[in-house]
Number of protein chains: 2
Amino acid sequence: MPRENKTRYALLGMLTYKPMSGYDMKKMSDHSIGHFWNENYGNIYPVLKKMEAKNLVTMTREEQDGAPTRKVYTITEEGRAAFSQWLSRPPEPAILREELLLQVFFGQWTNPKLITAKIREEDERCRSIIRELEGIRDHMDSGGNIREVPENSRQVMREGTPYWRHTVEFGLHYYSGIRDWCAETIKALEERRGEKDENNRIGRKSQG
Amino acid sequence: MPRENKTRYALLGMLTYKPMSGYDMKKMSDHSIGHFWNENYGNIYPVLKKMEAKNLVTMTREEQDGAPTRKVYTITEEGRAAFSQWLSRPPEPAILREELLLQVFFGQWTNPKLITAKIREEDERCRSIIRELEGIRDHMDSGGNIREVPENSRQVMREGTPYWRHTVEFGLHYYSGIRDWCAETIKALEERRGEKDENNRIGRKSQG
DNA sequence: CCAAAATATATCAAACAGATATATACAAGA
DNA sequence: TCTTGTATATATCTGTTTGATATATTTTGG
């Protein structure tokens with residue numbers, strides 16, 4: 001028996017705020033939970049279809065001026081029940097498959113400068129994400145993100161903000177940890193390369 | 001076009017040390033790279049078959065006393081070339097889908113004590129893994145893990161040890177970052193609950 | 001007018017996870 | 001002796017997931 005689909009709960013959770021289309025949910029996903037939850041259209045649309053079939057959501061078509069017709073999904077009471085039930089269950093731990101680390105592990109088979117360059121890339125990527133997350137955290141109380149939400153959902157989002165903040169703090173810890181490892185590892189690799197160069201300059205004393 | 005299979009390179013990399021069976025590779029995977037690379041039999045056997053068909057590895061059957069017959073795989077020159085080529089390519093960044101964080105994000109819809117308990121579980125899990133990794137790091141130079149390797153592979157593994165150490169340091173940073181977030185978040189959640197209790201005790205002054 | 005961008009929905013093929021199954025061999029307990 | 005449990009070893013299954021790709025409507029800019 002394979003894994004249980006979790007996209008379902010991410011979508012149901014978003015729909016507790018307001019009815020949305022698949023496209024809206026992708027955008028909200030990218031902006032609010034994207035730092036810890038990857039989601040893509042390849043999942044969203046088939047899962048929405050399945051949830052509609054199981055009456056976890058209902059769908060209405062909404063025509064709009066200046067943009068194509070949308071399919072707007074609304075959570076049902078059954079959907080709310082399924083969502084709450086999931087919330088009471090233990091989460092599954094993360095599964096890691098870090099390709100960079102696999103390449104580092106086998107690093108003796110390639111140019112050490114190449115390994116260092118890759119870790120530098122990852123370092124930059126982490127720093128970039130950290131800056132984004134800091135921006136989110138620092139503007140979280142301005143209420144800017146609430147503006148697009150109907151008045152009756154504002155209280156709900158206000159109550160959810162501290163939890164959102166905890167997830168942004170998670171992202172900051174996560175990427176900071178990796179960024180720090182990057183810095184240490186680059187330093188260590190360059191020192192080891194320095195030692196090697198030193199050995200070479202002294203006169204090929206080392207067999208290494 | 002879907003993702004490219006990466007199990008292939010994990011297996012080829014392991015085979016650079018010595019010929020191995022699928023079962024051996026799973027064990028080595030669990031012990032040496034498991035902290036950053038999940039692998040399972042469901043992938044290993046089909047991928048080995050495919051690699052054999054493409055002449056990246058060859059397979060011989062090996063009978064042994066007191067245990068069932070094994071299929072031992074050996075890397076070919078083509079396999080080595082494919083592996084080296086992969087090493088020179090940029091790695092793909094990690095994809096995150098942290099179910100705990102998804103539950104934290106929607107935490108307003110459930111009992112705050114439940115959220116705290118879940119974070120406590122994750123905290124303990126991280127601490128346990130950190131202890132393991134520290135054990136690995138601290139015994140890394142004892143050469144204990146080299147003992148099962150043929151004499152002619154020892155130099156190779158010795159040269160790989162510093163890279164292995166970097167991956168263990170990665171794991172330590174990764175899990176420490178999350179452990180620290182857990183501690184902070186538990187504290188914050190309990191303080192917020194303390195404030196709420198305080199408000200209630202004072203006389204229902206708060207509308208929250 | 002055409003191309004690019006935005007809004008919006010949808011599908012595809014392979015990778016991947018972990019449960020499950022089967023087979024060989026040995027050890028411990030009834 | 002037989003059964004159960006454990007270790008060694010190979011293998012399959014089914015659903016989730018990834019991200020590339022495709023299609024359609026509408027607006028904007030050259």
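In what follows, chains are A, B, ... by sequence order, proteins preceding strands, each numbered from 1.
Ile95(A) comes within contact range of the sugar-phosphate backbone alone, with a heavy-atom separation under 4.0 Å but no base atom that close. Base contact: Gly42(B) has a heavy atom under 4.0 Å from a base atom. Heavy atoms of Asn5(B) sit under 4.0 angstrom from primed sugar atoms or phosphate atoms, though from no base atom. Looking at heavy-atom distances under 4.0 Å, Lys49(B) makes contact with sugar-phosphate atoms alone, never a base.
Between Gly22(B) and Asn40(A), it is Gly22(B) whose nearest contact on DNA chain D lies nearer the 5' terminus. Comparing Lys27(B) and Tyr41(A) by the nucleotide of DNA chain D that holds the closest heavy atom to each, the one mapping nearer the 5' end is Lys27(B).
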(message) Please encode protein proximity along nucleotides 22-28 of chain C as a string of B, S and -, counting only heavy-atom distances under 4.0 Å.
(response) --BSS--

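Formation of a donor-acceptor pair under 3.5 Å by the Thr116(A) side chain with backbone atoms of Pro112(A) is found in this model.
The salt bridge (Lys or Arg N to Asp or Glu O under 4.0 Å) test applied to Glu92(B) returns Lys6(B), not counting sequence neighbours. With sequence neighbours excluded, the residues satisfying side-chain hydrogen bond (donor to acceptor under 3.5 Å, both in side chains) with Lys118(A) are Gln103(A). Applying the side-chain hydrogen bond (donor to acceptor under 3.5 Å, both in side chains) criterion to Asn55(A), with sequence neighbours excluded, gives Glu78(A). Listed by chain and residue number, Asn40(A), Ile95(B), Arg97(B) satisfy the side chain to side chain contact (heavy atoms under 4.5 Å, CB included) test with Asn38(A) (two or more places apart in sequence, or in another chain).
Atom CG of Asp24(B) is separated from atom P of dT10(D) by 7 Å (rounded to the nearest Å). When rounded to the nearest whole Å, the span between CD1 of Ile44(A) and C1' of dT17(D) equals 12 Å. Rounded to an integer number of Å, the gap from CZ of Arg3(B) to C1' of dC12(C) is 14 Å. Rounded to an integer number of Å, the gap from OH of Tyr45(B) to C1' of dA19(C) is 15 Å. As rounded to whole Å, 11 Å separates atom C1' of dT18(D) from atom NZ of Lys6(B).
Comparing atom distances between the Arg97(A) side chain and each of dC16(C), dA10(C), dT17(D) picks out dC16(C) as nearest. Nearest to the side-chain atoms of Lys71(B) among the listed nucleotides dA17(C), dA11(D), dT18(D) stands dA11(D).
Sorted by first and then second residue, the ring pair (Phe, Tyr, Trp, His ring centres under 6.0 Å) pairs with a member in residues 21-56 of chain A read Tyr41(A)-Tyr45(A); sequence neighbours excluded.
Aromatic pair Tyr9(A)/Phe106(B): ring centres not closer than 6.0 Å.
A close approach under 4.0 Å does not occur between any side-chain nitrogen or oxygen of Thr7(B) and OP1 or OP2 of dA15(C).
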